[in-house]
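The figures that follow rest on heavy atoms only: side chains count, while hydrogens, waters and symmetry mates do not. Naming convention: chains lettered A, B, ... in sequence-line order (proteins, then strands); numbering from 1 in each chain. Every value quoted in this text rests on a predicted model; they were computed, and no experiment measured them.
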2 protein chains.
Amino acid sequence: MVTIKDVARVAEVSISTVSRVVRKQGKVGDACRAKVQKVIDELGYRPNINAQALVNKKSNSLGVVIPKVSMPFFGTLACGAEEAAIEKNYRVLISNAQGSEQAELDAIDSLVQHHCNAIVFHSQHCSDETLVTLAEKISGLVFINRFIAEIPHRCIWLDNNLGAQKAGSFLLEKGHTNFAVITRKDSNPDSLLRLEGIHTALNNANIQLDNSMIEYGATADMEGGKEAVSALFKKDKKFTALLVYNDNMAIGAVHELNARGIRVPEDISVIGFDDMLISVACIPQLTTMHYPVREMAQFATNLAIELSTNPEPNGRTHLFMPHLIERDSVANFCAK
Amino acid sequence: MVTIKDVARVAEVSISTVSRVVRKQGKVGDACRAKVQKVIDELGYRPNINAQALVNKKSNSLGVVIPKVSMPFFGTLACGAEEAAIEKNYRVLISNAQGSEQAELDAIDSLVQHHCNAIVFHSQHCSDETLVTLAEKISGLVFINRFIAEIPHRCIWLDNNLGAQKAGSFLLEKGHTNFAVITRKDSNPDSLLRLEGIHTALNNANIQLDNSMIEYGATADMEGGKEAVSALFKKDKKFTALLVYNDNMAIGAVHELNARGIRVPEDISVIGFDDMLISVACIPQLTTMHYPVREMAQFATNLAIELSTNPEPNGRTHLFMPHLIERDSVANFCAK
DNA sequence: CTGTTAGCGCGTTCAG
DNA sequence: CTGAACGCGCTAACAG
């Protein structure tokens, strides 16, 4: 590995001069600069980032802590972060942390040890208090898909309530009046908010959503969706429109409906949430609420970097809006 | 940030002693060790990784260069790498590099600059020669989903040919005799190998695959699949079994078939390749060849780390086998 | 405009 | 068994 010393020696200048031309700052004579640049190119010199980080006390690297990159939602999140990071000449360090608060904390810890000045964190297991404490210690730490009232300017989140309202309204517009809802059993903030949104939309239309019309899947995946549909039918519930917590569950629901000889959307309309890639694989393709993760991750990245260098706590929060993607799983209600 | 100096001062020992207890090597008196450890815990001291990297000339970080983390295949790859890396106490640096050789080279370059000693590289645009040159310069560089004859021990790849053969044989066993094939237009090594495998399987059964039964999609995604099916029908081709380059295209094909009122698998059986998550979202769920990316990425990671510390060029290559996942898109052939 | 010096945090001799 | 001193590659004062 060729170092700054090597180029200084070959170019017959001091290392500070080399440093100046590398960082393109400070005054260097044109002839001298050209000479040094030439040697740099010839030798293929690249500054050692670790050494730079050491002296600068910052590493120009962004940490991303997510449950699992292999899940498309988080993969997209990571991708958005990477895109924004590259723009700012930052590198991306990915840390999967799943299952426990400790795992998440360890991931953050290791990132801090790397002197990541900016971190985008998607927490699933930390309490608000823990996160607030963390935020105090790490100025470039930002939370995505989460809202914490104490530190709103550190949060990039989605209006889940509004999204669910929009979904409900859409179904209403399509003439539906008999609704069922599928959500996840382990009520996380998102699912609660989405449920609220649905209630709001239906209440506005003077429609009651009986609790018996809400069914829960043990897991927020296809299995959970299937399971919940089965439960609904076991209770012999009738409905023409089904609002589902997310696309995975929605697709599971469509599968189960299909297996029971029920056509989507002719017999029952289904609407999902997230707009993951998978939702176009289903037949019919899923009508769903688009979750702009990529854009949110980009925003979060820029914010984290900004905050890491200039921790001015403006009180503003960063709220994104989901919007409807109309595909083929919702039809107009028509009485038989 | 608390440094080694701080703990040395507080513990009233020298920094070398602290260093010894941190790295758990060298002789330190029990009492002294306990005292130092106590201070470390109290102060929450963590060694500065950048400083360590600087002096050790290695950073214990693994670079992963892939086209795009948001694509499930690569997300899974990254995830496998992360899992293996964490085991070895390595951090993972992700670099998306898509579209051109230059982008890929830049990504590698930046990783080298970070003194990543181990790199897992999924190249799409570099020639074998370029990669061989790179491999010479970087001892911990390993190629995934690629075979290069000159450096077989650096390659972790899949037997695409065999996979396609298995797919063909399976369809044959199911009684099919009329085949069509959909592949990607930009013939990459994978697609060529898979095509070969199909030919082999069919030839073994004394079945000719006319070139007119092979159709190409411009892109290796759902669109490409739809497009290819349309082309096949435009040529008025008859077949009962369809072998598709990958799952995305296969799902596109199923969609197009459906749109034309053709049932899968009753009228036409479809088989994919890769076994991505998406393949279970489709109705019917896709029968496909499983591509063990995650395991391969884990293996690649271990290999890269091993090679980076001990570059002994054993001539062995690292070949993985795909296997059949039987789901619902293939049925027995039955004459009407 | 350019070179010299000091030091970032840590690991590694080498004396003691 | 422990500590002092040096240097990793680089940047940031400070001189000249």
For Phe147(A), give me all partners under ring-ring contact (aromatic ring centres under 6.0 Å, His included), at least two apart in sequence or on another chain.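 ring-ring contact (aromatic ring centres under 6.0 Å, His included) list for Phe147(A), sorted by chain: Trp157(A).
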Protein-nucleotide distance (Asn50(B), atom CG; dG11(C), atom C1'), rounded to Å: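 In whole Å, dG11(C) C1' and Asn50(B) CG are 15 Å from each other.
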Verify whether one side chain among [X] and [Y] offers a donor that lies under 3.5 Å from an acceptor in the other.
| X | Y | answer |
| --- | --- | --- |
| Asp109(A) | Gln113(A) | no |
| Asp106(A) | Gln102(A) | yes |
| Asn302(B) | Gln298(B) | no |

Judged by atom type as modelled, is there a donor-acceptor pair below 3.5 Å linking the side chain of Ser59(B) to the main-chain atoms of His115(B)?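 Yes; judged by distance alone, with no hydrogens or angles, the pair exists.
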With the sugar-phosphate defined as primed atoms, P, OP1 and OP2, and the base as all remaining atoms, what B/S/- string results for nucleotides 1-10 of chain C, 5' to 3', for protein heavy atoms under 4.0 Å? SBBB--BBBS
